[in-house]
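Naming convention: chains lettered A, B, ... in sequence-line order (proteins, then strands); numbering from 1 in each chain.
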There are 2 protein chains.
Amino acid sequence: MLRQNGLSCQSSCKIDLRISAKRMGLLNKVEVLKGRKRGSKRDPEANKQLLIEATLDTIADIGVTDTSVSRICERSGLSRGMIHLHFGGKDNLLTAAAQHFSAQYYAEMDRMTDLGSDASPEDRVMAVIEADLSEALLNPRSTKIWHAFRGIASSHPGIARYSSTQDHKLVETLRLAFKEITQENVRDSILVDDATAGTLALLEGMWVNYLTDMQGFSRRRSVDLIRRFLCGLFPGKFKL
Amino acid sequence: MLRQNGLSCQSSCKIDLRISAKRMGLLNKVEVLKGRKRGSKRDPEANKQLLIEATLDTIADIGVTDTSVSRICERSGLSRGMIHLHFGGKDNLLTAAAQHFSAQYYAEMDRMTDLGSDASPEDRVMAVIEADLSEALLNPRSTKIWHAFRGIASSHPGIARYSSTQDHKLVETLRLAFKEITQENVRDSILVDDATAGTLALLEGMWVNYLTDMQGFSRRRSVDLIRRFLCGLFPGKFKL
DNA sequence: GTCACTAATGGACGATCGTCCATTAAATGT
DNA sequence: ACATTTAATGGACGATCGTCCATTAGTGAC
């Protein structure tokens, strides 16, 4: 929107129009989002969020490689100095974006798997799987961002911290559920570990399938596939 | 090695040393590798390969984001103009590198799964799994490169073509084997599809695990995990 | 209204990016 | 031996990178 305004008017008024358009449009939106008191035109915390969101959107749109400071600021409608001001540099912003993205994922995952405490372990496992493959978590934007971050994680320690599914509450949720399922058969603790790791691995694979071919991807079939594998691991459980 | 020479000598002789070192060292190596006729100092094909290899090494070392034309040339010991000369630009070189990497993977996979034609379908499936998780295919370099390419694939169509495991001979190998296993039970064609897709998904997940935590990764445990899942899918088969 | 303070701006800066090409060097043909 | 062709070089080029900072604008205290 900003760019369109800038391009469509003559050069003499370009700067004025861009500034006023930015000011009005974005700040009003921010005010609504954050509930900031009316008339205030400054809100550092909201701008930090704006930058993080713009970073994620830019990565999803044009890829990490082409995500530059200028591009992020352009999209957020804020000035170029803002990144250094609030984050101290591009790298820190990227790390903050990865953290925010990860936190958002787990928050939404928690929300979607908040079954009653009387839910069977099978239902809890399936809830995790269905949540992970739901449109809220698995969509074009999130897959692109997720894999982009993972792709640069090994050369970017700050991001690596948020590129793993393996060290979160989610793992314990699954492990506990599988433990309950096998409780009569306690001798086999490796089964629980394998079921947990295997389920997460299958989900990873599904995300890759989605990234590779979004058209041909079917959430239902993917859920059924994983259920089928779990049904094999725990005969009698996870029946359709 | 080039850089060390450049740094360790004085500035007056820097250029001469670098050139002579590059000429001697690299060309002799290339001659040995390619069997080029003695005394020849030009070999465009070898240089293309040299650039591709240098590209992959650079990506594995410092990540795609920092992989620039200068860095690639520095590592290969060739001049900066070479990339434009042989590939017409950086993007084409990256695509060629992705293609080469993919081809190398499948060549090695073929080599390692070349069992006799009397091998059981179970053995053929397990051969694919063990090959994919072997050190020859799954190592720090290959994982970093693989995920780096996948991370930029969605914004780089040329690379996307080589970032999928799903449209290759490998899929048919697995599908055929699983079909043989279920041949008495022909009515269930989805089982074959699920087993194929699930196995590949599990392997994807194992690669991610390896990338995320190379120290804690165990090839044997990963193979056993997948075998366990398959054993559940096909009761009686894939026994330890 | 004035003052101190912080948020925000946008341009300056040197470094590096990828591309391109005039030049040099090597191989080949005659 | 010389001419022709092709491989290879390395610097020039403008664009863009990320960082930094002098300046402006908004806010709250008095």
Side-chain angles (χ1 to χ4, degrees), chain A residues 2 6 14-16 18-24 26-27 30-31 34 36-51 54-55 58 62-74 76-95 97 156, chain B residues 2 6 14-16 18-23 26-27 30-31 34 36-51 54-55 58 62-74 76-95 156:
Chain A
L2 265 184
K14 195 187 288 180
I15 295 174
D16 295 334
R18 285 184 62 218
I19 290 180
S20 68
K22 174 184 63 187
R23 280 278 128 124
M24 290 295 91
L26 287 173
L27 285 175
V30 167
E31 283 172 23
K34 295 265 305 179
R36 186 161 37 127
K37 72 164 179 269
R38 280 208 152 278
S40 179
K41 296 190 173 184
R42 286 164 65 172
D43 191 336
E45 212 49 49
N47 284 335
K48 286 185 73 171
Q49 282 303 311
L50 218 49
L51 284 173
T55 303
T58 306
I62 61 177
V64 260
T65 308
D66 295 329
T67 294
S68 63
V69 168
S70 302
R71 229 78 80 137
I72 294 170
C73 294
E74 191 177 289
S76 70
L78 301 173
S79 65
R80 294 174 33 69
M82 198 75 109
I83 288 179
H84 178 257
L85 176 69
H86 284 307
F87 295 94
K90 188 195 176 190
D91 270 17
N92 291 338
L93 171 57
L94 243 60
T95 304
H156 203 305
Chain B
L2 266 182
K14 193 187 291 181
I15 294 174
D16 295 334
R18 286 185 61 219
I19 292 181
S20 68
K22 174 186 62 186
R23 280 276 127 127
L26 287 173
L27 284 174
V30 167
E31 283 174 20
K34 297 261 309 175
R36 184 161 40 123
K37 73 164 180 272
R38 279 207 153 280
S40 178
K41 297 192 175 183
R42 287 164 63 173
D43 189 336
E45 213 50 47
N47 284 335
K48 287 184 73 171
Q49 282 303 312
L50 218 48
L51 283 174
T55 303
T58 305
I62 61 177
V64 260
T65 308
D66 296 329
T67 294
S68 64
V69 168
S70 302
R71 230 78 79 137
I72 295 170
C73 293
E74 193 178 286
S76 70
L78 301 173
S79 65
R80 295 176 30 70
M82 197 75 109
I83 288 178
H84 178 257
L85 177 69
H86 284 307
F87 295 94
K90 188 196 176 190
D91 269 17
N92 291 337
L93 170 57
L94 243 60
T95 303
H156 204 307

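Taking atom NZ of residue A/K48 and atom P of nucleotide C/dA8, one finds them 11 Å apart after rounding to whole Å. Rounded to whole Å, atom C1' of D/dT23 lies 14 Å from atom CG of A/L85. Rounded to whole Å, the distance from CG on A/D43 to P on C/dT6 is 17 Å. One atom, CG of A/N47, and another, C1' of D/dA25, lie 14 Å apart when rounded to the nearest Å. Atom-to-atom, CE of B/M82 to C1' of D/dT6 comes out at 12 Å; the value is rounded to the nearest Å. Between A/H86 atom NE2 and C/dA8 atom C1' there is a gap of 7 Å when expressed in whole angstrom units. Across the protein-nucleic acid pair, A/E74 atom CD and C/dG10 atom P stand 13 Å apart, rounded to whole Å.
In terms of heavy-atom proximity, A/T67 sits nearest to A/K90 at O-NZ, 2.9 Å. The two residues A/C73 and A/S79 have their closest heavy-atom pair at SG-O, 3.5 Å. Heavy-atom minimum distance, A/F87 versus A/N92: O-ND2, 2.9 Å. Of all heavy-atom pairs spanning A/D66 and A/I62, the tightest one is O-CD1, 3.4 Å.
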Treat primed atoms plus P, OP1 and OP2 as sugar-phosphate and everything else as base, then score nucleotides 14-20 of chain D 5' to 3': B for base contact with protein heavy atoms under 4.0 Å, S for sugar-phosphate contact only, - for none.
---SBBB

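Taken to the nearest 0.5 Å, the CD1 atom of A/I83 stands 5.0 Å off from the CG atom of A/L93.
Residues passing the side chain to side chain contact (heavy atoms under 4.5 Å, CB included) test with B/H86 are B/P44, B/N47, B/K48, B/M82, sequence neighbours excluded.
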